[in-house]
Amino acid sequence: MKTTTRTITIFLLTIISSVSFSFKSIESEPPSTEQVKQLVADWERAKAYSLEYLKVSTDEAIAFKPTPEMRTFGQQFLHLTEGLYVLGSAATGKTTTVTFGSLEKSDQYNTKAALTKAVTEGYDFIIAGVKGMNDQQMPDKIKVFDMDITKGLALSKVFEHQTHHRGQTTVYLRLKGITPPNEMLF
């Protein structure tokens, strides 16, 4: 009987320690980051593409406004950059003092060099914020413009926003006789 009890006890302890070990393994696994890795790659590509637009531009092109009611080429990129900060901050939780209009209305970004620096810093801000996230945070709810949306949707919308405004500048470059960069889809 003692042998049977001892065998059962050892068997049960083995099962319990194995179950306990399994739970500890699950708890200690880092959160998944596959989606985040893809987002970082997409943002790095978007940054490179935007910087190519700025690289082919000139100081004259940066100040160009096709019609009086439109933004200048530079203002399009500054507005794009404000979105990186404002929407990116909401999605990633990373704080910023940049607001919509704060860069675009400033007169310190009137040169290609100053504009390129501001845009680069905006992309670096959102890329760093996304790198600090994990996939499990994407469905978390946040408030953006009085709407409850997920962090993942906010990142998608800011990506759409920057794509829209960069795309608008294609016409600006063409009107100035400058060939825009080839698409960088991948």
Side-chain angles (χ1 to χ4, degrees), residues 19-55 70-106 109 115-172 180-186:
V19 168
S20 175
F21 176 74
S22 296
F23 286 130
K24 287 178 183 173
S25 296
I26 291 169
E27 289 173 10
S28 64
E29 285 181 22
S32 172
T33 59
E34 290 307 309
Q35 185 179 7
V36 167
K37 286 178 187 175
Q38 184 60 55
L39 287 171
V40 169
D42 289 342
W43 279 109
E44 293 283 1
R45 180 180 44 81
K47 174 185 174 183
Y49 195 22
S50 290
L51 293 178
E52 284 298 312
Y53 267 75
L54 295 170
K55 184 178 175 182
M70 293 176 73
R71 291 179 167 108
T72 66
F73 176 93
Q75 287 170 329
Q76 288 283 5
F77 271 97
L78 291 170
H79 180 72
L80 172 162
T81 302
E82 291 164 350
L84 300 177
Y85 282 108
V86 175
L87 295 172
S89 175
T92 65
K94 194 170 177 182
T95 59
T96 182
T97 58
V98 175
T99 59
F100 276 113
S102 63
L103 301 177
E104 187 180 345
K105 293 176 181 164
S106 173
Y109 306 107
L115 179 62
T116 300
K117 183 178 184 301
V119 172
T120 300
E121 289 170 354
Y123 277 105
D124 290 345
F125 173 84
I126 195 161
I127 291 167
V130 172
K131 282 181 177 178
M133 298 178 75
N134 61 58
D135 295 0
Q136 287 72 27
Q137 293 171 301
M138 294 302 156
D140 291 353
K141 294 285 188 175
I142 57 172
K143 192 161 259 339
V144 175
F145 304 127
D146 295 327
M147 295 178 289
D148 290 323
I149 63 172
T150 65
K151 289 181 176 186
L153 181 57
L155 288 171
S156 175
K157 292 301 177 184
V158 69
F159 199 88
E160 180 181 345
H161 180 260
Q162 63 90 34
T163 301
H164 167 76
H165 287 283
R166 181 183 56 232
Q168 287 186 343
T169 65
T170 299
V171 175
Y172 290 61
N182 289 330
E183 184 177 18
M184 295 175 68
L185 192 55
F186 297 98

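All values derive from a computational prediction rather than experimental measurement.
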Has the side chain of [X] got a donor or acceptor atom that lies under 3.5 Å from a matching backbone atom of [Y]?
X	Y	answer
Thr81	Phe77	yes
Asp135	Gln35	yes
Ser50	Lys47	no
Asn134	Gln137	yes
Glu82	Leu103	yes

Could you check if a side-chain atom of [X] sits within less than 4.5 angstrom of a side-chain atom of [Y], using non-hydrogen atoms only?
X	Y	result
Phe73	Leu54	yes
Val158	Trp43	yes
Ile149	Ile142	yes
His165	Arg71	yes
Glu44	Ile127	yes
Leu155	Met133	yes
Val36	Met138	yes
Gln38	Asp42	yes

**Study point:** Where Ala48 and Met184 come nearest, the two heavy atoms and their spacing
**Key:**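 Closest pair (atom of Ala48, atom of Met184, distance): CB-CE, 3.8 Å.
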If you round to the nearest 0.5 Å, how far is [atom2] of [Y] from [atom1] of [X]?
X	Y	atom1	atom2	result
Asp148	Leu153	CG	CG	11.5 Å
Lys131	Leu39	NZ	CG	12.5 Å
Leu87	Ser156	CG	OG	11.0 Å
Ile126	Asp124	CD1	CG	11.5 Å
Gln76	Glu104	CD	CD	8.0 Å
Thr163	Tyr49	OG1	OH	9.5 Å

Check your understanding: Is it the case that more than 12 heavy atoms not belonging to Lys105 sit under 6.0 Å from its NZ atom?
Key ->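 Atom NZ in Lys105 is not crowded, with 12 or fewer foreign heavy atoms closer than 6.0 Å.
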Exercise for review: Step through the shown structure and confirm whether more than 12 heavy atoms of other residues, nucleotides or ligands are within 6.0 Å of CG on Asn182.
Suggested key: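 At most 12 heavy atoms, drawn from other residues, nucleotides or ligands, come within 6.0 Å of this atom.
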Exercise for review: Could you check whether the rings of His161 and Phe100 sit parallel, tilted or perpendicular, using 30° and 60° as the cut-offs?
Suggested key: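 Geometry flag for Phe100 against His161: perpendicular rings.
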Check your understanding: Can a donor-acceptor pair be found between the side chains of His79 and Gln75 at a distance below 3.5 Å?
Key ->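 Absent: no donor and acceptor within the cut-off.
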Check your understanding: Who are the ring-ring contact (aromatic ring centres under 6.0 Å, His included) partners of Tyr172, not counting sequence neighbours?
Key ->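 Applying ring-ring contact (aromatic ring centres under 6.0 Å, His included) to Tyr172 gives none.
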Check your understanding: What residues form a ring-ring contact (aromatic ring centres under 6.0 Å, His included) with Tyr123, not counting sequence neighbours?
Key ->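 Tyr123 satisfies ring-ring contact (aromatic ring centres under 6.0 Å, His included) with no other residue.
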**Study point:** CA sep, side-chain torsions, deciding dist, call: Glu160, His164, side-chain hydrogen bond (donor to acceptor under 3.5 Å, both in side chains)
**Key:** CA-CA 6 Å; Glu160 180 181 345; His164 167 76; over 6 Å; no
Check your understanding: Can you list every side chain to side chain donor-acceptor pair (under 3.5 Å) pair that touches residues 86-98, not counting sequence neighbours?
Key ->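 Not a single pair qualifies under side chain to side chain donor-acceptor pair (under 3.5 Å).
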